[in-house]
Amino acid sequence: MVKIEPFGDRVVIEILTPEEIVGGLVVPTSKEKSNKGLIVAVGNGEEVQALKEGETVLFNVGAGINYTTESADYKVLNVRDIVAKLKEE
């Protein structure tokens, strides 16, 4: 297994599959349109210190570099491409 370690103000996120509710059933949709991800690695830059592994974030869809493994799809993003953190209440 390869571990990605981002440099500076970058993070690695695992792209989460968006879901639609169709007739009461939850149906996964394409990851290509997803703007939601789980942070799996954080760089060592100053701007990125507000983010932690395990947090769910929203990001600009066209941003970053894509990286795919057999088990998941990832993006390496500059912290400026992350627009919000999602928190459960």
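Just so we're clear, the structure is a prediction, and the values are computed from it rather than from any experiment.
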Enquirer: With a 6.0 Å cut-off (strictly less than), is the heavy-atom count around CD1 of Ile65, excluding the residue itself, greater than 12?
Expert: no
Enquirer: Before giving the answer on side chain to side chain contact (heavy atoms under 4.5 Å, CB included), spell out for Asn66 and Tyr74 the whole-Å C-alpha distance, their side-chain angles and the decisive distance to 0.1 Å.
Expert: CA-CA 6 Å; Asn66 296 326; Tyr74 300 94; over 6 Å; no
Enquirer: How far apart are the closest heavy atoms of Ala41 and Ile4, and which atoms are they?
Expert: CB-O, 3.5 Å
Enquirer: Going by salt bridge (charged side-chain N to carboxylate O under 4.0 Å, His left out), name the pairs with one or both residues in residues 77-86, residues two or more places apart or in two chains.
Expert: Glu47-Arg80, Glu55-Lys85
Enquirer: Assess whether side chain to side chain contact (heavy atoms under 4.5 Å, CB included) is satisfied between Leu58 and Ile82, documenting all intermediate values.
Expert: CA-CA 6 Å; Leu58 296 177; Ile82 295 175; over 6 Å; no
Enquirer: Could you state the interatomic distance from CG (Asn35) to CD1 (Ile13), rounded to the nearest 0.5 Å?
Expert: 9.0 Å
Enquirer: Applying side chain to side chain donor-acceptor pair (under 3.5 Å), can you list everything that pairs with Asn60, at least two apart in sequence or on another chain?
Expert: none
Enquirer: How close do Lys75 and Phe59 get, counting heavy atoms only, and between which atoms?
Expert: CD-CE1, 3.6 Å
Enquirer: In the hydrophobic clustering (ILVMFWY, side-chain contacts below 4.5 Å, transitive), which residues join Phe7, or is it alone?
Expert: none
Enquirer: Determine whether a donor-acceptor pair (N or O, by modelled atom type, separation under 3.5 Å) exists between the side chain of Lys36 and the backbone of Thr56.
Expert: no
Enquirer: Can any side-chain N or O of Asp73 pair as donor or acceptor with the backbone N or O of Tyr67 at less than 3.5 Å?
Expert: no
Enquirer: Is Val57 reachable from Val83 through a run of hydrophobic residues whose side-chain heavy atoms are each under 4.5 Å from the next?
Expert: no
Enquirer: Rounded at 0.5 Å granularity, tell me how far CZ in Arg10 sits from CG in Asn44.
Expert: 11.0 Å
Enquirer: Which atoms form the tightest heavy-atom contact between Glu14 and Ala72, and what is the distance?
Expert: OE2-CB, 3.7 Å
